[in-house]
Number of protein chains: 2
Amino acid sequence: MPAKPKKPDVVARAQMIEAEDRFIASWGRMGSVWGISRTMAEVHALLYITGTEMCTDEIMSRLGVSRGNVSMSVRSLLEWSVIEKVRIAGDRKEYYQAEQDVWSMLRAIARERIKREVDPLLDALDEISELAPQASKGSSTEIQDLQQRIEAVRDGFSIITTLSHKFAGPRGAGLQTAAKLLARAPIGRTKKHGSKRGGTSQ
Amino acid sequence: MPAKPKKPDVVARAQMIEAEDRFIASWGRMGSVWGISRTMAEVHALLYITGTEMCTDEIMSRLGVSRGNVSMSVRSLLEWSVIEKVRIAGDRKEYYQAEQDVWSMLRAIARERIKREVDPLLDALDEISELAPQASKGSSTEIQDLQQRIEAVRDGFSIITTLSHKFAGPRGAGLQTAAKLLARAPIGRTKKHGSKRGGTSQ
DNA sequence: ACAGTGTTTCAGAAAAAATTGAAATCACAA
DNA sequence: TTGTGATTTCAATTTTTTCTGAAACACTGT
């Protein structure tokens, strides 16, 4: 048990819990917006923000959700590789711990989202492009236009996917370095949100 | 009225409709995954893939959805600036037409998604960071760690937002050029999906 | 094999989100 | 201003998604 350098007073402790809860709530809310179940996002937030490994029961009681829900959420998070199992000697329970490196985490999230949100669309577009009447010299402009529009979308997403795979690949600092690198290149202009603290820094 | 170079035969015409419907269905399905109402995505898909300006009733009957739903969807799409109103002389109805440039469209989508999915989180994180007990030399490691974790997430998203604003800004070919530029830089490795046709081409 | 823990599954319940449809509102020509 | 047709709004409804809880299952030590 690591020594507590200074025992935080009761007030600070309460504030910490409050801040954690708010973080969990915000992350959970975003989860919904991202098409992820709120609980799944909350479990992740809890493990990340506390940095502690926790077992099912601890998660259940802290978030006030059912065992089944925690079980399902944990499974998805493991698939996403944003948390991992931890075994604790002399304890039969499974403990879970969040990836603590933010960029690893963001890459993992990006990867999963591409997988869910872009790949299926690309597959569908390929299929549709084949199904549609083929454009050729003799085709009506309608047919040519249709093919051209499908192709345009397909190519756009294809480029985005390629890019993402480079940046969000599980190994390497792709996203991080790219982001930092590109953040300085003057392609456009930054907008607000540079308010508090270092912010965009670098 | 532009001449039809070759009147497409009935079969080709049917195939076109079929392809359009499939495109609409796929885009709609993705809409759900993206946290957008299915109808909103379908309306956009319809306007994009046909390239035609359409009025409320045409959209209603083609998609088989209610007037109210079309009205709401159209309003959102206008806010997203992925479609625009068109007035047709001597007609009292409003017509709508989709942005036809794919990169403009993708940039608009990216912009809106950042607005919905990242900005509120950044704001929340700032607030939480203030609310949490402030770290200082005398603080317990718990407090320092908490602040450090909040900060880490904040900075990550902050960089992503900055980047996105550069790439997805309404004017300029930010995303397109960046994508093309970066697509060749060997940061990682590409994976599948280069199957049919030009693919990632350029 | 079995007792004791811990985990997963899944049908039904609850909650959230999307959609309808009709009344209210608007916009414009006469 | 009034009449007409188009559009918007929103309470009620339908559909979809998420969550619960308890039974089934799995693992481990005896």
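A note on names: the letters A, B, ... follow the listed sequences, proteins ahead of strands, and every chain is numbered from 1.
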Give one of base, sugar-phosphate or nothing for A:Ser71, where a contact means two heavy atoms less than 4.0 Å apart. base

Report which part of the nucleic acid A:Ser32 touches: base, sugar-phosphate, or nothing (heavy-atom distance under 4.0 Å, all strands). nothing

Spacing of B:Thr39 atom OG1 and B:Ile59 atom CD1 [to the nearest 0.5 Å]: 11.5 Å

Rounded to the nearest angstrom, tell me the gap between atom [atom1] in [X] and atom [atom2] in [N].
X	N	atom1	atom2	result
B:Asp91	C:dA29	CG	C1'	14 Å
A:Lys93	C:dG6	NZ	C1'	8 Å
B:Ile59	C:dT20	CD1	C1'	17 Å
A:Asn69	C:dG12	CG	P	19 Å
A:Met54	C:dG6	CE	P	17 Å
B:Met60	C:dG21	CE	P	9 Å
B:Arg29	D:dT16	CZ	P	13 Å
A:Glu42	D:dT18	CD	C1'	12 Å

Contact under 4.0 Å: [X] side-chain N or O vs [N] OP1/OP2:
X	N	answer
A:Arg67	D:dC19	no
B:Thr56	D:dA6	no
B:Ser37	C:dT19	yes
B:Arg92	D:dT7	no

Does A:Tyr48 reach the main-chain N or O of A:Val82 with its side chain, forming a donor-acceptor pair under 3.5 Å? no

Side chain of A:Ser71, backbone of A:Arg67: donor and acceptor closer than 3.5 Å? no

Hey, which of these two, B:Val65 or A:Glu94, hits DNA chain C nearer its 5' end, going by closest nucleotide? A:Glu94

Would B:Tyr96 and B:Leu77 satisfy side-chain contact (heavy atoms from CB on, under 4.5 Å), going step by step from the backbone distance to the final call? CA-CA 10 Å; B:Tyr96 306 97; B:Leu77 290 167; over 6 Å; no

Determine the interplanar angle of the B:Trp27 and B:Phe23 rings, folded into 0 to 90°, and report it as parallel if under 30°, tilted if 30 to 60°, perpendicular if over 60°. parallel

Between B:Asp57 and B:Met72, which has a closest nucleotide on DNA chain D that is more 5'? B:Asp57

Nearest-nucleotide pick for B:Arg75, side chain only, options being D:dG21, D:dT9, D:dT7: D:dT9

